[in-house]
Amino acid sequence: MIVTLTLLALVSGVALRLLLRQHWTGEAQSQRAALQATLRAAVLYLDSEIRELGGSPGDPDIVTFAAESLTYRSMRSAGTSCALTPAALTVSTADLYGYRAPQPGRDSLLLFMDGSPTTSLDDRWLHLPLLSVSGGSCGGRPALVLATAIDTTLTPLSGFPFLAPFRSFEIMQARLYPSGGDYWLGARSVSGAEIIQPLAGPFLLHGLAMQFLDSLAAPAGSAAGIRSVEIILRGVSATPIRTGAGMGLPQRRSDSLVTRVMLRNW
Amino acid sequence: MRNRLGFALPLVIAVLALGGMLVTASFLLGRLESQSAENGLRSARAFEVAETGLAFTLAHWDPLFDTLAVGGTGTMQSAAVTTASWHSTIRRLDDDVFSLRSEGDVAVPGEAWQAKRQFGLLLRWAASLPAAAAVTVTDSIAWDGAGSVSGYSGTYLGWPSCQLDSVPGLRVGPATVLAMAGCSGPSCLRGAPPVLVDTLLSGTVSGALAPLAYGTLATGASRSPGGLVSGVAPSLSGQPPVCDWSDPLNWGEPNHGLPTPPCTSLLPVIHAPGDLVVSGGRGQGILLVDGNLVLEGGFEFSGLVVVLGQFSSGIGGAHITGALIVRSLIVPSSQSLAVDYSACVLRKVLRGPAQAIPLLYRSWAQLY
């Protein structure tokens with residue numbers, strides 16, 4: 001009987017230890033996967049948002065920038081108008097590409113002005129308000145009518161291409177912010193007066209470090225000089241995990257990811 | 001021996017079941033990670049493939065895109081459809097502005113879904129015009145005959161983007177020798193001003209052609225005539241007949257109109273490496289002559305004529321719509337020459353050797 005109980009205790013102990021190790025290993029693996037997914041999601045978001053930025057020397061898309069915060073014009077849709085009047089541009093839905101439909105009060109418009117056809121030096125994108133959105137048609141095809149206000153004394157309609165390219169954008173902010181004892185990457189619509197919402201996390205203190213570089217890869221002095229952004233992300237696991245051969249004390253593990261995004265629209 | 005129920009077997013089964021569940025969970029987690037990484041990889045490939053479509057279409061610009069009507073579209077696609085392919089669509093938005101959309105597709109063998117990415121690029125012509133004047137002469141002019149020079153740009157049926165420009169009729173350098181006995185009054189020489197002495201005009205035709213480069217224009221030549229050439233005219237071939245772009249004597253149709261005649265979209269660069277005499281006929285495009293040029297027999301040409309040597313008008317004279325840039329100009333007393341400046345004609349013919357380039361600002365877009 002004693003032998004049996006001893007053997008049972010031994011077998012149970014080994015089995016329990018094995019199960020615990022497997023549990024810890026599984027949990028560690030799960031946390032690592034979640035941490036890497038967090039880093040991937042954050043970098044994908046920032047990469048996608050920053051890549052399309054640009055502008056012109058007097059009119060950059062980046063509004064303010066700091067190591068842990070970026071405020072910028074986020075492009076929400078692009079297309080070409082089939083009809084242009086001082087009060088509205090009509091856009092065929094077939095020619096409208098976007099993350100979402102333009103929203104008055106939240107979005108603004110950029111309309112391309114060709115100016116003189118003999119030179120590209122006078123090309124520019126005209127800022128316009130988006131006053132309302134309604135249904136319309138482009139030669140029988142469904143369309144959106146984007147109400148705006150073009151001052152034709154300053155910008156005569158003859159300066160726009162026949163099928164004028166336009167974009168809609170909203171001012172967005174992406175930053176690292178503390179919440180619940182951790183740091184999170186969050187985003188909010190500034191033009192939509194939203195409060196910040198978490199996108200990915202948790203991150204370490206200073207877990208987001210953006211460096212804004214000019215064309216010589218030196219730190220840029222102004223928004224108009226930024227040509228690329230180096231992003232360093234340092235994430236941390238949501239819960240403590242045991243790792244290593246001895247499965248020591250549980251700790252929160254961290255991982256990092258570095259990338260550089262070129263601004264495509266300069 | 002008593003038959004007692006043991007607990008070893010249930011314990012082992014329970015442990016094995018628990019272990020199996022943990023291993024399965026671990027395996028599923030790993031598989032999920034692997035698939036997530038694979039999706040990211042495919043998405044990145046589709047991104048690069050779509051970018052390739054943009055770059056390829058720009059680098060291999062089809063001249064037929066220039067013949068698109070406003071709102072018209074043209075397409076291009078990757079040569080071989082493999083697991084990764086792209087197709088691009090060019091759309092003309094105006095005379096000078098185009099939109100380019102490229103979609104990259106990455107297929108997964110054995111699976112129904114594909115990874116797709118789509119990007120857009122706004123383009124415009126990078127055509128530059130030389131300094132505006134109907135006639136530019138760097139060395140000397142001896143105009144004893146009849147004719148006219150007009151710096152007032154007119155509108156021409158079928159030629160796009162014509163604006164009523166006013167440029168100098170005659171542009172000369174400070175050292176240019178002027179002998180305008182046959183063409184000095186407003187009935188012959190018109191422009192704003194009729195004669196401009198350009199202190200910046202260098203003594204070479206190449207300098208007068210700036211910002212265009214003679215050598216660069218000549219590399220795009222599709223015709224290299226020499227000696228006496230007669231019978232220059234639009235020609236057709238095939239059934240149904242279409243413009244014969246391969247005919248060396250077909251220099252396009254300068255008389256655009258409605259309905260549009262054949263060969264109006266043919267805008268060749270014609271480069272004569274030596275002397276050239278063109279007798280009668282008509283054409284359009286860019287005519288570059290390394291030696292001397294004689295136009296006669298009422299030859300009509302729409303476009304840019306650049307002569308590194310001497311230009312002279314022969315029996316029957318000639319008519320140029322566009323601009324003429326020469327080292328020296330001779331119109332003998334019994335001959336005539338008419339030159340009418342046209343910015344829209346110049347812009348059109350210079351598109352041939354010009355490149356479509358992305359807009360200076362905000363040309364690239366992610367299309368969802």
Side-chain angles (χ1 to χ4, degrees), chain A residues 4 7-8 11-12 14-16 18-19 21-23 25-26 29-30 32-33 36-37 40 44 48 51-57 59 61 75-82 95 97-100 110 112 114 116-121 123-125 139 160-165 167 263-266, chain B residues 6-8 11-12 14-16 18-19 21-23 25-26 29-30 32-33 36-37 40 43 47 51 70-71 91-99 101 118-122 124-129 132 160-161 163 165 343-344 346-347 350 357-368:
Chain A
T4 306
L7 277 173
L8 175 64
V11 169
S12 299
V14 169
L16 188 64
L18 198 67
L19 281 173
R21 270 188 175 260
Q22 270 192 322
H23 169 70
T25 305
Q29 197 178 5
S30 162
R32 275 184 200 282
Q36 286 175 1
R40 263 203 299 268
L44 277 176
S48 169
R51 186 191 302 129
E52 200 169 351
L53 300 181
S56 56
D59 182 33
D61 288 336
M75 298 302 153
R76 293 305 183 215
S77 67
T80 51
S81 72
C82 68
D95 294 332
Y97 298 89
Y99 166 75
R100 57 169 171 72
L110 288 166
F112 176 69
D114 189 14
S116 168
T118 59
T119 177
S120 60
L121 297 177
D123 292 356
R124 68 189 178 100
W125 289 84
F160 297 96
F162 184 74
L163 302 171
R167 288 165 174 259
L263 273 57
R264 294 297 305 269
N265 279 317
W266 278 106
Chain B
F7 54 85
L11 182 69
V12 168
V15 167
L16 284 175
L18 269 170
M21 283 166 66
L22 280 171
V23 168
S26 174
L29 201 66
L32 197 66
E33 266 292 276
S36 171
S43 177
F47 180 103
E51 283 278 32
V70 172
R91 185 171 185 225
R92 185 169 212 151
L93 306 181
D94 207 341
D95 286 335
D96 300 287
V97 184
F98 295 81
S99 71
R101 181 166 52 86
Q118 195 171 207
F119 301 123
L121 199 60
L122 290 168
R124 64 165 302 139
W125 287 108
S128 302
L129 299 183
S161 301
Q163 294 171 337
D165 291 335
C344 68
L346 289 176
R347 218 166 35 241
L350 284 167
I357 58 166
L359 294 185
L360 208 52
Y361 307 118
R362 293 193 186 95
S363 61
W364 188 86
Q366 305 187 85
L367 305 178
Y368 295 89

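Letters A, B, ... are given to chains in the order of the sequence lines, protein chains preceding strands, and every chain is numbered from 1.
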Visitor: Looking at A/Asp95 and B/Arg101, is any side-chain nitrogen of the basic one under 4.0 Å from a carboxylate oxygen of the acidic one?
Guide: no

Visitor: Examine whether an atom of B/Ile357 lies under 4.5 Å from a heavy atom of chain A, and if so say whether it belongs to the side chain, the backbone or both; otherwise answer neither.
Guide: neither

Visitor: Measure distances from A/Leu8 to the heavy atoms of chain B and classify the residue's part below 4.5 Å as side chain, backbone, both or neither.
Guide: side chain

Visitor: Check whether B/Ala365 gets within reach of chain A through its side chain, its backbone, both or neither, counting any heavy atom under 4.5 Å.
Guide: both

Visitor: What part of B/Ser99 gets within 4.5 angstrom of chain A, counting heavy atoms only: side chain, backbone, both, or neither?
Guide: neither

Visitor: Could you walk me through whether B/Arg362 and A/Ser56 pass the side chain to side chain donor-acceptor pair (under 3.5 Å) check?
Guide: CA-CA 8 Å; B/Arg362 293 193 186 95; A/Ser56 56; 5.2 Å; no

Visitor: Examine distances only and state if a side-chain atom of B/Asp94 and a backbone atom of A/Phe162 form a donor-acceptor pair shorter than 3.5 Å.
Guide: yes

Visitor: Under a 4.5 Å heavy-atom cut-off, does chain A meet the side chain of B/Phe47, its backbone, both or neither?
Guide: side chain

Visitor: With a 4.5 angstrom heavy-atom cut-off, which part of B/Arg92 approaches chain A: side chain, backbone, both or neither?
Guide: backbone

Visitor: Between B/Leu360, B/Val23, B/Leu18, B/Leu359, which residue shows the highest count of heavy-atom pairs closer than 4.5 Å to chain A?
Guide: B/Leu359

Visitor: Could you look at A/Phe112 and say if it's the side chain, the backbone, both or neither that has a heavy atom under 4.5 Å from chain B?
Guide: side chain

Visitor: Side chain, backbone, both or neither: which part of A/Thr80 has a heavy atom under 4.5 Å from chain B?
Guide: side chain

Visitor: Taking only residues two or more places apart in sequence or in another chain, which ones pass side chain to side chain contact (heavy atoms under 4.5 Å, CB included) with A/Arg76?
Guide: A/Glu49, A/Ser74, A/Tyr99, A/Arg100, A/Asp107, A/Ser168, A/Glu170, A/Met172

Visitor: Report yes or no: does B/Trp364 contribute a side-chain atom to a donor-acceptor pair with the main-chain N or O of A/Glu52 at less than 3.5 Å?
Guide: no

Visitor: If you tally heavy-atom pairs under 4.5 Å against chain B, which of A/Gly55, A/Gly54, A/Pro165 wins?
Guide: A/Gly55

Visitor: Return the option, out of A/Leu7, A/Leu163, A/Leu263, with the maximum number of heavy-atom pairs under 4.5 Å with chain B.
Guide: A/Leu163

Visitor: Select, from B/Leu367, B/Val97, B/Leu93, B/Val70, the one with the greatest count of heavy-atom pairs under 4.5 Å involving chain A.
Guide: B/Leu93

Visitor: Counting only non-hydrogen atoms closer than 4.5 Å, does A/Leu110 touch chain B with its backbone (N, CA, C, O), its side chain (CB onward), both, or neither?
Guide: side chain

Visitor: Identify which part of B/Leu122 has an atom lying under 4.5 Å from any heavy atom of chain A, answering side chain, backbone, both or neither.
Guide: side chain

Visitor: Of all heavy-atom pairs between B/Tyr361 and A/Trp125, which one has the smallest distance, and what is that distance?
Guide: O-NE1, 2.9 Å

Visitor: Name the region of A/Ser12, side chain, backbone, both or neither, that has any atom closer than 4.5 Å to a heavy atom of chain B.
Guide: side chain

Visitor: Does any non-hydrogen side-chain atom of B/Gln366 lie less than 4.5 Å from one of A/Met75?
Guide: no

